[in-house]
Amino acid sequence: MIIFRKTILALTGLFICIFLMAHLGANFLLLFPEERARELYNNYSATLRGNFFISIIAYINYACIIFHVLYAIIVTRKNKSFRSVSYEMNTTSENSSWTSQNMMLLGTIILAFIVIHMANFWFKVKFQHQEEDIYQMVVDLFKNPIYLLIYTLAMLPLGLHLSHGVQSAFKTLGLYHKKYIRWMATLSVAFAAFMGIGFAIIPIILYFR
Ligand code: HEM
C-alpha cells in the first residue's frame with residue numbers, strides 16, 4: 001500500500017513538473033520588449049482558454065495538485081507512525097538531508113503561494129472575466145514590492161522541494177540505475193535551480209523595467 005501511495009505522489013509530482021516547465025516557458029514571453037510581450041502573452045493566454053484539449057490538461061493539473069497534497073499528508077503520517085516502531089529504518093544519509101526531512105513544510109509554503117497566486121490571476125480571469133490584458137495584470141501586480149517579495153522568496157522553497165522531489169519520484173518509479181544515482185541527484189538539483197531562478201527572475205526584471 002505504501003508503494004501505491006508513493007507512486008501516486010511521484011506521478012502527480014512529475015505531472016506538476018511538466019506543467020511548471022510549460023508555465024515557465026510561457027512566462028518567459030513576459031520578458032520580450034514591452035509591446036511584443038503584451039501581444040505574445042495575451043495571445044498565448046487567449047489560446048489556452050479557447051482550447052478544449054488544454055482545458056482538460058488544466059483540470060488534470062488541478063487534480064494532480066489536490067492528490068499530491070492529499071497523498072503527501074497520508075505518506076507523511078504513515079512514515080511517522082512507522083518511525084515510532086522502527087526508527088533506524090530512516091537513518092540513511094539519503095533520507096536525512098534537511099530538505100528531505102522538511103518536504104512537508106516546503107510543500108505547505110508552496111501551497112500557500114499557490115493559493116495567493118490563484119487569487120492574483122486565475123480567480124480574476126476565470127470568475128471575474130478580467131481577461132482583456134493579462135500581460136498588464138501581471139506587470140501591475142509586480143509593481144507592488146510586497147508581491148515582488150512573495151513571488152521571489154517563495155521560489156526558494158519551490159526549488160528545494162523540487163531538488164529532492166524529482167529524484168525521489170524517479171527512485172519511487174524505479175526509473176534509475178544505481179550507477180547513475182549521482183547523475184540523477186545532480187540533474188534534479190540543476191532542474192530545481194533552473195525552475196526556481198527562472199520563476200524568481202521574472203518579477204524582478206518586470207519590477208525594474
Ligand atoms: C513569475 C512567476 C509567475 C507568473 C508571472 C505566473 C502567471 C500566471 C498567470 C497570468 C496565470 C493565469 C493564466 C490564465 O488563466 O490565463 C497563472 C496560472 C497558474 N499558475 Fe502561475 N505564474 C507564476 C508562477 C507560478 C508558480 C511558481 C506556480 C506553481 C508553483 C504557478 C502555478 C499556476 C497554476 C497552477 C495556475 C493555474 C493554471 C491553469 O488554470 O491551468 N505559477 N500563472
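Within a 6.0 Å radius of CD1 in Ile146, no more than 12 heavy atoms belonging to other residues, nucleotides or ligands are found. Counting non-hydrogen atoms of neighbouring residues, nucleotides and ligands closer than 6.0 angstrom, the CD atom of Glu132 reaches no more than 12 such neighbours. With a 6.0 Å radius and a threshold of 12 heavy atoms from other residues, nucleotides or ligands, Trp183 has its CH2 atom at or below the threshold. Annotation: Arg77, atom CZ; neighbour count of heavy atoms from other residues, nucleotides and ligands within 6.0 Å does not exceed 12.
Contact annotation: the side chain of Leu106 approaches that of Trp98 to within less than 4.5 Å [non-hydrogen atoms, C-beta and beyond]. Between Leu11 and Phe67 the shortest side-chain heavy-atom distance does not fall below 4.5 Å. Between Ile57 and Phe19 there is no side-chain heavy-atom pair separated by less than 4.5 Å. Put simply, the side chain of Leu158 reaches to within 4.5 Å of the side chain of Phe199, judged on heavy atoms. Between Met195 and Met21 there is a side-chain heavy-atom pair separated by less than 4.5 Å. Proximity of Phe113 to Ile109: side-chain heavy atoms (C-beta onward) are nowhere separated by under 4.5 Å. Considering only heavy atoms from C-beta on, Val138 comes within 4.5 Å of Leu30 through its side chain. Residues Lys171 and Ile181 are in side-chain contact: their nearest non-hydrogen atoms beyond the backbone lie under 4.5 Å apart.
Taking CG of Asn43 as the reference point, atom CD1 of Ile134 lies at 11.0 Å (rounded to 0.5 Å). Distance CZ/Phe123 to CD1/Ile116: 15.0 Å, rounded to 0.5 Å. Interatomic distance, Phe194 CZ to Leu20 CG, rounded to the nearest 0.5 Å: 12.0 Å. Rounding to the nearest 0.5 angstrom, the gap separating the CG atom in Leu105 from the CD1 atom in Ile110 is 9.5 Å. Distance NZ/Lys6 to CD1/Ile74: 14.0 Å, rounded to 0.5 Å. For the atom pair CG of Leu40 and CD of Glu35, the computed distance is 11.0 Å after rounding to the nearest 0.5 Å.
Nearest approach of Ala200 to Ile204, heavy atoms of both residues: O-CG1, 3.4 Å. Contact between Gln167 and His164 at its shortest, heavy atoms only, is CG-O, 3.3 Å. When all heavy atoms of Leu153 and Pro157 are compared, the closest pair comes out as O-CD, 3.2 Å. Nearest heavy-atom pair, Met137 versus Lys124, reported as atom, atom and distance to 0.1 Å: CE-CB, 4.3 Å. Across all their heavy atoms, Ser163 and Ser188 have their closest contact at O-CB, 3.5 Å. Summarising the geometry of Ala192 relative to Gly159, their closest heavy-atom pair is CB-O, 3.1 Å, with the distance given to 0.1 Å.
Linking Ile, Leu, Val, Met, Phe, Trp and Tyr whenever their side-chain heavy atoms come within less than 4.5 Å puts Val125 and Leu141 in one cluster. No chain of hydrophobic side-chain contacts below 4.5 Å, direct or via other Ile, Leu, Val, Met, Phe, Trp or Tyr residues, connects Ile2 to Met104. Put simply, Ile65 and Ile8 are part of two different groups of oily side chains (I, L, V, M, F, W, Y) that touch within less than 4.5 Å, one to the next. In terms of hydrophobic clustering, with Ile, Leu, Val, Met, Phe, Trp and Tyr side chains grouped at heavy-atom distances under 4.5 Å, Met118 and Met155 are assigned to a common cluster. Connection of Leu175 to Tyr180 is not established within any shared hydrophobic cluster, with ILVMFWY side chains joined at heavy-atom distances below 4.5 Å, either directly or through further cluster members.
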| request: Go through the steps for Glu39 and Tyr135 under the test side-chain contact (heavy atoms from CB on, under 4.5 Å), then give the verdict. | output: CA-CA 8 Å; Glu39 186 193 331; Tyr135 168 81; over 6 Å; no

| task | Could you walk me through whether Leu187 and Val166 pass the side-chain contact (heavy atoms from CB on, under 4.5 Å) test, one step at a time? | result | CA-CA 9 Å; Leu187 272 178; Val166 171; over 6 Å; no

| query | For Cys17 and Phe191, what are the C-alpha separation, side-chain angles and deciding distance, and is it a side-chain contact (heavy atoms from CB on, under 4.5 Å)? | reply | CA-CA 10 Å; Cys17 283; Phe191 169 76; 4.0 Å; yes

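Considering Tyr147, Tyr207, Tyr151 in turn, Tyr151 is the only one that fulfils the ring pair (Phe, Tyr, Trp, His ring centres under 6.0 Å) rule with Phe142.
Listed by first and then second residue, the salt bridge (charged side-chain N to carboxylate O under 4.0 Å, His left out) pairs that reach into residues 135-147 are Asp140-Lys143, sequence neighbours excluded.
Between the side chains of Arg49 and Ser45, at least one donor N or O sits under 3.5 Å from an acceptor N or O.
The aromatic ring centres of Tyr62 and Tyr59 sit less than 6.0 Å apart.
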